[in-house]
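Structure record follows, encoded as structure tokens.
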Amino acid sequence: MQKITTQTFDLYDEDSSRLEAFLGSIGDGQLIIVVSFDDAAYQLSDAARKVFMNNFYSQHVYRLNYRGQWAFMGQKGMPLQGDIEKVNPFAPAPGVEWGDQLEIQGCIHIKEHQKRKPVVIQSGSLCDVKEECDYNSIPIHVESGEYHAGRKTLPRVCVNGELVLGNRRIGKEDPAKRGLNFVVFNPIDEVVVKIGRFDTYESPSDDREAAAFLQTVQDGHLVIGTVFDEATNQLSFETKGVLKNLGSTQIFALDYREMWVFIGQKGIDGATPYEKIGNKLPTSWGAKVDIQDCIPKQIEGTNSKVAASRKKKKFCEEYDGYPELCTEENLLLPVFPKPLDDISLQSNPAYSTPIVVIPGTDLRALERCLASLIDVPGIRPSNVMVMLEGSFAEPNDLVSLYGFRVDFIKSSANYQKTLISGIERSLTAFPGNEYIIILEEYVEVTPDFLHYFSQTLPLLDKDNTILTISAWNQNGFEHTSGDQHLLYRTEDFPGFGWVLRRKFYTGEIFNKNTGCCSVPTWRGWLLDDNMRKGRHSIVPDVSRVKRIKKDGFYEEKSFLDAYLANRKTSSGYLTEPNEVYKLVADEYDKELDRLVSGSTAMMESELSICLHGASLILQHEPDKGHLYAVYYQQDTLDDTVMLRKLATCFGLFVHNESHIRGVYKGLLRFTRDGNQYMLIGTQSPFYTTAQSQGNKVLPVIGNKSHYILRR
């Protein structure tokens with residue numbers, strides 16, 4: 001062995017063209033030793049990195065970053081064994097200007113280069129490929145199963161001229177089986193690593209095992225996939241997501257009984273070009289498909305998105321009336337759940353709590369609900385169940401498009417009966433869950449919907465005086481809410497999007513003539529304290545659900561037009577409540593005592609113009625974060641005459657004889673222009689707290705008969 005040449009390349013000041021030419025001049029079997037100094041990544045091109053990976057089998061060149069350090073030994077066309085590569089990426093820190101120094105030492109076994117011997121394959125056989133493959137590629141033939149003339153044929157996989165999976169036992173390997181079948185192949189050592197068979201038609205546990213099997217594939221290994229019979233019935237978005245990371249796009253479009261073949265790679269950048277679907281024939285299974293080619297040891301990914309839209313396109317061609325779903329741009333995007341954006345929440349119970357959608361009959365509103373759910377980071381489609389009123393093609397296909405589960409309840413013209421049926425069916429569908437999140441008709445969720453419940457759901461275990469946790473603030477208008485971290489306790493039941501407590505419903509509501517639930521939740525459930533028994537709801541200052549306005553004319557239109565106007569909802573992915581521990585019963589009262597004690601009392605003169613019918617004009621400090629208290633006259637704790645007038649002034653929800661919403665023990669909280677306000681009645685225990693603070697006289701707004709209530 002002798003040195004042929006030594007070359008240096010200043011990749012900080014010059015581009016990679018000279019390096020690329022040099023690498024291309026190296027002959028088969030020749031050895032290259034590479035070390036970096038100062039910076040070698042600034043102008044190191046993707047083309048040069050790919051040559052190091054494909055021709056010299058570098059595993060870590062893509063980890064080399066600006067001012068990182070790299071040492072590598074490779075042989076053209078031959079993978080070396082042993083300690084032949086190290087990289088120390090640069091991680092900026094005080095006093096650190098470059099990646100740490102590194103070295104490689106020891107004995108390296110260098111193989112004598114031998115060009116791949118052509119695999120002798122009889123022309124036209126299963127293992128035949130189009131051409132002789134060079135040392136940089138592997139001859140692979142994979143074919144799907146087939147159903148033809150009443151006979152089913154198992155799929156087969158051939159690698160390097162050898163049948164490794166087929167319709168019979170091969171060595172210790174069983175034949176292919178119904179569902180997904182995978183062969184994992186190490187292209188460097190040219191050996192089969194493992195084979196997996198998963199019945200994703202019938203078995204949810206097989207689906208989970210398939211995801212785990214694929215997640216453990218090592219970097220650089222090829223994954224060869226094929227289908228037999230049917231593979232989609234229990235195939236989850238989680239497993240599809242793992243396949244997406246291996247380069248698949250068409251797995252999202254795979255339909256019932258369709259065939260599929262795939263060759264991807266762990267670490268691929270983009271989509272694999274080696275993937276096909278055999279579309280379902282009118283009266284049978286999908287057509288047989290195969291891939292028969294020289295597959296590069298390092299597959300170059302593409303930016304293909306079109307394949308993922310096939311199922312959505314088919315839906316939009318068949319059904320009218322989905323303008324947002326069926327735009328030309330949207331048709332190119334796969335329906336796929338967003339990954340969790342905060343890994344610390346991976347085991348948080350909110351992300352495994354069932355979500356039950358009870359949508360009524362408006363499918364356009366249902367589509368908006370489902371689209372908002374799939375956009376929630378960390379959503380698990382297998383946790384979402386949609387309660388449909390009877391089994392009909394269009395709603396079934398719509399839910400299937402998003403990968404959510406379906407169950408069926410009896411149809412009713414009265415949504416209230418539909419809601420109760422859906423609740424009771426959900427308790428049966430999820431028998432092991434104490435808590436279930438309920439989404440009512442015409443509801444969309446915000447992207448931080450599960451972030452919100454990740455912080456609030458544990459309160460139910462800590463405090464039996466909490467009836468529910470709601471994602472809806474009944475007073476959450478643009479001008480009366482704005483703090484995405486703030487939570488309240490209230491004496492009403494907000495509805496729309498809320499957590500069902502199994503023990504409460506089965507123990508106190510189900511099959512009991514309580515009068516609880518004969519009206520919509522937004523009209524008021526459990527208003528009577530004899531039913532509420534001193535328990536409360538948790539609500540956010542800024543809502544995490546949005547109620548879609550219903551078109552046309554209907555009985556509650558005037559109420560809902562006023563109730564739903566100018567609503568504010570959360571806008572961020574990473575917003576979540578803080579200091580949640582203060583919502584536990586005793587702590588919450590202490591917190592309110594503290595807030596009342598530190599607040600500034602508003603004078604009657606500041607509000608008198610508004611109370612007499614004019615618009616409210618507040619002249620407060622220009623900066624935000626202040627606490628203001630308004631004390632009002634009460635005869636009893638239930639007396640809300642003056643409160644209705646004050647609530648109207650501030651723009652809270654007041655409608656005819658409907659109850660005042662958001663009250664807790666005579667205190668009503670909200671935010672406005674970055675400040676927090678508390679309306680406190682004289683019969684409230686928190687008025688007593690305020691009275692105990694020194695000798696000051698509290699300004700109480702009353703005589704109630706002096707003011708008019710603006711409509």
Side-chain angles (χ1 to χ4, degrees), residues 44-65 74 79 85 87 89 133-142 157 159-160 180-196 210-227 235 237-254 260-277 289-309 332-334 336-339:
L44 181 61
S45 66
D46 276 346
R49 292 180 193 260
K50 286 177 181 177
V51 173
F52 279 120
M53 291 177 64
N54 294 341
N55 293 3
F56 298 95
Y57 302 101
S58 166
Q59 298 290 310
H60 303 297
V61 65
Y62 268 95
R63 294 181 58 210
L64 179 63
N65 65 353
E85 185 174 20
V87 63
C133 302
D134 63 20
Y135 62 80
N136 230 5
S137 60
I138 306 290
I140 295 177
H141 187 182
V142 52
V157 175
V159 183
N160 261 347
L180 291 175
N181 296 265
F182 295 107
V183 174
V184 177
F185 184 78
N186 181 342
I188 304 301
D189 297 334
E190 299 191 9
V191 294
V192 172
V193 177
K194 58 182 179 178
I195 296 175
F213 175 90
L214 295 169
Q215 285 168 337
T216 59
V217 172
Q218 294 185 22
D219 285 346
H221 286 186
L222 300 176
V223 177
I224 306 164
T226 182
V227 160
L235 183 60
F237 264 112
E238 286 80 1
T239 303
K240 291 178 184 179
V242 181
L243 285 164
K244 174 178 178 286
N245 293 335
L246 295 168
S248 173
T249 57
Q250 298 192 35
I251 192 66
F252 300 103
L254 186 65
W260 173 76
V261 289
F262 162 79
I263 305 173
Q265 189 166 36
K266 181 66 173 288
I268 190 173
D269 182 14
T272 179
Y274 305 104
E275 185 174 24
K276 294 179 182 178
I277 283 181
V289 284
D290 74 332
I291 297 170
Q292 191 175 22
D293 212 337
C294 296
I295 306 300
K297 292 184 176 181
Q298 186 71 40
I299 299 175
E300 187 169 344
T302 70
N303 293 321
S304 173
K305 292 181 180 178
V306 177
S309 68
L332 298 177
L333 301 175
F336 187 70
K338 280 188 166 53

Item to check | Atom of E300, atom of P273 and distance for their closest heavy-atom approach | outcome: O-CD, 3.9 Å
Checklist entry - Measuring from I295:CD1 to Y274:OH, what's the distance to the nearest 0.5 Å? => result 4.5 Å
Next on the checklist: Tell me whether E275 contacts the main-chain N or O of T249 through its side chain, where contact means a donor paired with an acceptor under 3.5 Å.
Outcome noted: yes
Checklist entry - Is any side-chain heavy atom of P139 closer than 4.5 Å to a side-chain heavy atom of N160? => result yes
Checklist entry - Which heavy atom of V87 sits nearest a heavy atom of R63, and at what distance? => result CG1-NH1, 3.3 Å
Next on the checklist: Measuring only between side-chain heavy atoms, which start at C-beta, is F213 closer than 4.5 Å to V184?
Outcome noted: yes
Next on the checklist: If I take atom NZ from residue K266 and atom CG from residue L246, how far apart are they, to the nearest 0.5 angstrom?
Outcome noted: 7.0 Å
Item to check | CA sep, side-chain torsions, deciding dist, call: R49, L64, side-chain contact (heavy atoms from CB on, under 4.5 Å) | outcome: CA-CA 10 Å; R49 292 180 193 260; L64 179 63; 4.0 Å; yes
Item to check | K276 side chain to D290 backbone, donor-acceptor under 3.5 Å | outcome: yes
Checklist entry - For the atom pair CG (D189) and NE2 (H221), what is the distance rounded to the nearest 0.5 Å? => result 7.0 Å
Checklist entry - About how many Å separate OG1 of T239 and CD1 of I251, when rounded to the nearest 0.5 Å? => result 9.0 Å
Checklist entry - Within a strict 4.5 Å, meaning less than it, do heavy atoms of the L222 and I299 side chains meet? => result yes
Item to check | Residue pair T272 / Q265, side-chain heavy-atom distance below 4.5 Å | outcome: no
Checklist outcome for this item: On a heavy-atom basis, the closest approach of S137 and C294 is OG-CB, 3.6 Å
Checklist entry - Do the non-hydrogen side-chain atoms of N55 and N136 ever get within less than 4.5 Å of each other? => result yes
Checklist entry - How long is the span from the CG atom in N186 to the NZ atom in K194, to the nearest 0.5 Å? => result 12.5 Å
Checklist outcome for this item: Rounded to the nearest 0.5 Å, the CE atom of M53 sits from the CD atom of Q298 at a distance of 3.5 Å
Item to check | Student check: side-chain heavy atoms of F185 and E190 closer than 4.5 Å | outcome: yes
Next on the checklist: Could you walk me through whether V227 and L180 satisfy the side-chain contact (heavy atoms from CB on, under 4.5 Å) test, starting with their C-alpha distance in whole Å, then the side-chain angles of each, then the deciding distance to 0.1 Å, before giving a yes or no?
Outcome noted: CA-CA 5 Å; V227 160; L180 291 175; 3.7 Å; yes
Checklist entry - Would you say the side chain of I291 lies within less than 4.5 Å of the side chain of I140, judging by non-hydrogen atoms? => result no
Checklist entry - Are side-chain heavy atoms of L243 and F182 found at a separation under 4.5 Å? => result yes
Next on the checklist: With a 6.0 Å cut-off (strictly less than), is the heavy-atom count around NZ of K244, excluding the residue itself, greater than 12?
Outcome noted: no
Next on the checklist: With a 6.0 Å cut-off (strictly less than), is the heavy-atom count around CG of D269, excluding the residue itself, greater than 12?
Outcome noted: no
Next on the checklist: Angle between ring planes, W260 versus F262, binned at 30° and 60°: parallel, tilted or perpendicular?
Outcome noted: parallel
